[in-house]
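Below: one structure, written as structure tokens.
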Amino acid sequence: MEIFDFPFPIEIGSVCDIDFAPDGSALSVQGTESHQVLIWGNRRLPLPESWSSPEFPFVRHLPDGRALLVDTGYSAARRENAWIINSHGQIDTNFEIGAAAVEVAALWGMVAVAYHPVSAKAFGHRIQPLQRAGIAFYDMNGRSIMGFNQEAAKYGVSIENVRCMTALSRSQLLFVPELLTIQGDEIENPVVLFDCANRRPRIFSAPYPRAEAIAMAEGLIQLASPEGWEDQIITFDAETKISQHRGEFLGIFRGLEGGAFLAQLTSADYAVVVPGAPESFAPLSMQLANEEGVLPL
């Protein structure tokens with residue numbers, strides 16, 4: 001397992017969220033509970049006037065070069081709390097994604113928002129109809145275009161309360177729901193690979209529950225789970241379910257494209273964790289082309 005520190009400018013307070021442009025430059029929301037700013041490369045940009053300076057906002061670099069900002073504060077969840085802005089900080093779109101978002105992914109022409117409504121309810125938020133989609137998809141004008149549960153219903157698949165989600169590419173998502181059923185039968189420790197192009201879910205079963213972050217490299221699924229060992233990273237073959245303990249690492253934040261994890265070390269320090277290639281088993285060949293339906297278990 002390799003750990004890479006990376007430099008980026010810190011202007012004020014804590015680093016609340018961070019993402020990367022294709023050239024490797026960082027976008028980050030930084031600040032305090034009373035004032036936050038967007039740092040885009042070497043530029044310091046103001047956030048929207050109604051920004052509530054939440055503890056856990058989202059910032060994502062979009063494929064078209066713009067940025068997505070999401071205010072997850074309690075008051076913001078009842079109004080238009082997502083913005084798409086250009087590189088000059090000008091607002092192009094303002095729309096509502098509601099409460100309970102646990103992860104946001106930028107795709108080609110879409111934004112995917114994963115929801116965990118039970119946790120939001122515990123903090124006083126209302127459970128909204130869009131949260132029951134599990135993952136909701138919005139176009140770049142903020143219009144809702146589909147929900148995972150609606151698309152997966154044709155295969156008899158339903159999910160509840162997504163714990164973590166990672167964009168493997170600009171059209172594929174890998175995510176972990178707390179509950180998944182196929183034709184009413186519950187699947188143990190479910191992991192879902194969803195191709196937004198053909199809209200077909202592939203269902204796997206992980207060796208451990210309660211994943212806090214997930215990634216994939218060379219056909220092998222890697223997840224950070226507190227089960228078994230504290231803050232362990234597990235690599236497993238989705239076909240044989242053979243798994244390896246890859247090591248422990250505190251502060252896993254979320255999965256990244258390419259099989260790495262973003263780790264938050266302190267309020268202002270982040271690192272990229274790369275588990276590396278396992279030695280004892282060959283990866284599952286993930287042949288997605290020309291495959292139909294749900295992967296049999």
Side-chain angles (χ1 to χ4, degrees), residues 1-6 17-26 60-61 63 102-108 112 114 135 162-177 189-197 201-229 231-265 270-289 291 295:
M1 187 165 63
E2 296 180 276
I3 302 169
F4 300 93
D5 295 316
F6 53 93
D17 195 23
I18 189 168
D19 199 31
F20 309 97
D23 63 3
S25 61
R60 295 291 181 269
H61 188 272
V102 294
E103 188 54 85
V104 177
L107 307 171
W108 284 118
I135 298 174
V162 178
R163 292 187 60 86
C164 55
M165 176 179 72
T166 301
L168 302 183
S169 67
R170 294 302 188 182
S171 66
Q172 292 178 329
L173 295 173
L174 188 67
F175 64 92
V176 176
N189 305 337
V191 175
V192 184
L193 176 62
F194 184 60
D195 191 314
C196 299
R202 291 169 57 92
I203 314 302
F204 310 105
S205 184
Y208 293 95
R210 299 174 57 206
E212 296 178 345
I214 192 162
M216 178 181 278
E218 298 180 353
L220 294 173
I221 296 174
Q222 299 172 153
L223 59 87
S225 168
E227 297 292 322
W229 290 272
D231 295 294
Q232 66 176 339
I233 297 177
I234 293 292
T235 296
F236 72 97
D237 185 312
E239 188 173 66
T240 65
K241 300 185 183 179
I242 297 174
S243 63
Q244 286 187 5
H245 175 236
R246 308 307 306 285
E248 299 177 11
F249 194 84
L250 299 174
I252 292 295
F253 193 52
R254 69 173 186 264
L256 298 175
E257 185 177 340
F261 293 95
L262 182 66
Q264 186 174 15
L265 309 179
Y270 285 76
V272 174
V273 179
V274 182
E279 299 177 355
S280 62
F281 56 86
L284 170 70
S285 177
M286 303 296 290
Q287 301 296 329
L288 299 179
E291 293 191 7
L295 180 75

In Å and rounded to the nearest 0.5 Å, what is the CZ to CD1 distance from Phe194 to Ile135? 8.0 Å
Those residues at least two apart in sequence (or on a different chain) that pass side chain to side chain donor-acceptor pair (under 3.5 Å) with Glu257 are none
What closest approach, in Å, do Gly259 and Ala217 show between heavy atoms, and which atom pair accounts for it? CA-CB, 3.9 Å
Side chain to side chain donor-acceptor pair (under 3.5 Å) against Arg60, all qualifying residues, sequence neighbours excluded: Asp17, Glu103
Quick one: pull up SG in Cys196 and CD in Gln172 and give me the separation to the nearest 0.5 Å. 8.5 Å
For Ala105, side chain to side chain contact (heavy atoms under 4.5 Å, CB included) partners two or more places apart: Ala112, Met165, Ala167, Leu173
Minimum-distance pair of heavy atoms, taken over all atoms of Arg170 and His61: NH1-O, 4.1 Å
Side chains of Leu174 and Val192: does their closest heavy-atom pair fall under 4.5 Å? no
Look up atom CD in Gln244 and atom CG in Asp237, then write down how far apart they are to the nearest 0.5 Å. 10.5 Å
With side-chain contact (heavy atoms from CB on, under 4.5 Å) as the test, would you mind laying out the steps for Val176 and Leu223 before giving the verdict? CA-CA 10 Å; Val176 176; Leu223 59 87; 5.8 Å; no
Smallest heavy-atom separation, Asp23 atom then Ser25 atom, equals OD1-OG, 2.7 Å
For Arg210, all residues meeting salt bridge (Lys or Arg N to Asp or Glu O under 4.0 Å), sequence neighbours excluded: Glu227
Do you know which two heavy atoms are closest between Ser243 and Phe236, and how far apart they sit? CB-CB, 3.7 Å
Flag side-chain contact, heavy atom, 4.5 Å: Ile234 against Pro207: yes
Under the ring-ring contact (aromatic ring centres under 6.0 Å, His included) rule, collect the residues that match up with Phe261, sequence neighbours excluded. none
Is there a donor-acceptor pair closer than 3.5 Å between any side-chain N or O of Thr166 and the backbone N or O of Leu168? no
List in chain and number order the residues that pass side chain to side chain contact (heavy atoms under 4.5 Å, CB included) with Pro190, two or more places apart in sequence or in another chain; answer none if no residue qualifies. Pro177, Leu180, Ile187
If only atom types and distance count, is the side chain of Thr235 paired as donor or acceptor with the main-chain N or O of Gln222 below 3.5 Å? no
Check side chain to side chain donor-acceptor pair (under 3.5 Å) between Asn189 and all other residues, then give those that pass, not counting sequence neighbours. none
Check: Ile252 and Ile233 side chains under 4.5 Å, non-hydrogen atoms: yes
Closest heavy-atom pair, Ala213 versus Gly255, reported as atoms and distance to 0.1 Å, is CB-N, 3.9 Å
The reported gap from CG in Leu107 to OG in Ser169 (rounded to nearest 0.5 angstrom) is 8.0 Å
